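Quick note: residue numbers are just sequence positions, from 1. Bear in mind that the values here come from a model prediction, so they are computed numbers and not experimental data.
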Amino acid sequence: MAKISLDAGLTCPNRDGRLSTQGCLFCDAFGSGSGAAAWGVSLEEQIRQGIDRARRRADKFILYFQAFT
């Protein structure tokens, strides 16, 4: 089993003012993500790339929304 990290370009309630603007302990200022959403990489392509990279060590995968989730 391998984790495939995805960046959906989401916001964070601990940064966007819904709960706070200070952030939290889990993410840095960029959300601890890959930045793929900002570069225009679709979720489908992120999944394909992640599976291609992880296939060497796993045959089952968990999709994990990384940044600001």
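- Here the straight-line distance linking atom NZ of Lys3 with atom CG of Leu63 works out to 11.5 Å at 0.5 Å rounding.
- Put simply, Ile51 and Leu43 are part of the same group of oily side chains (I, L, V, M, F, W, Y) that touch within less than 4.5 Å, one to the next.
- Within the model, atoms SG of Cys12 and CZ of Arg18 stand 8.0 Å from one another, a figure rounded to the nearest 0.5 Å.
- Taking both residues in full, the closest heavy atoms of Ala37 and Ala8 are given as CB-C, 3.8 Å, listed atom of the first, atom of the second, then distance.
- For the atom pair Trp39 CH2 and Asp7 CG, the distance stands at 9.0 Å (nearest 0.5 Å).
- Counting only residues at least two apart or on different chains, the salt bridge (charged side-chain N to carboxylate O under 4.0 Å, His left out) pairs with a member in residues 44-57 are Glu45-Arg48.
- Atoms CG and OH, on Leu6 and Tyr64 in that order, are 11.0 Å from each other to the nearest 0.5 Å.
- Cluster partners of Leu19 are absent, since no Ile, Leu, Val, Met, Phe, Trp or Tyr has side-chain heavy atoms less than 4.5 Å from it.
- Once rounded to the nearest 0.5 Å, the distance linking CD1 of Ile47 with OG of Ser5 reads 11.5 Å.
- One hydrophobic cluster, built from ILVMFWY side chains closer than 4.5 Å, holds both Phe65 and Phe61.
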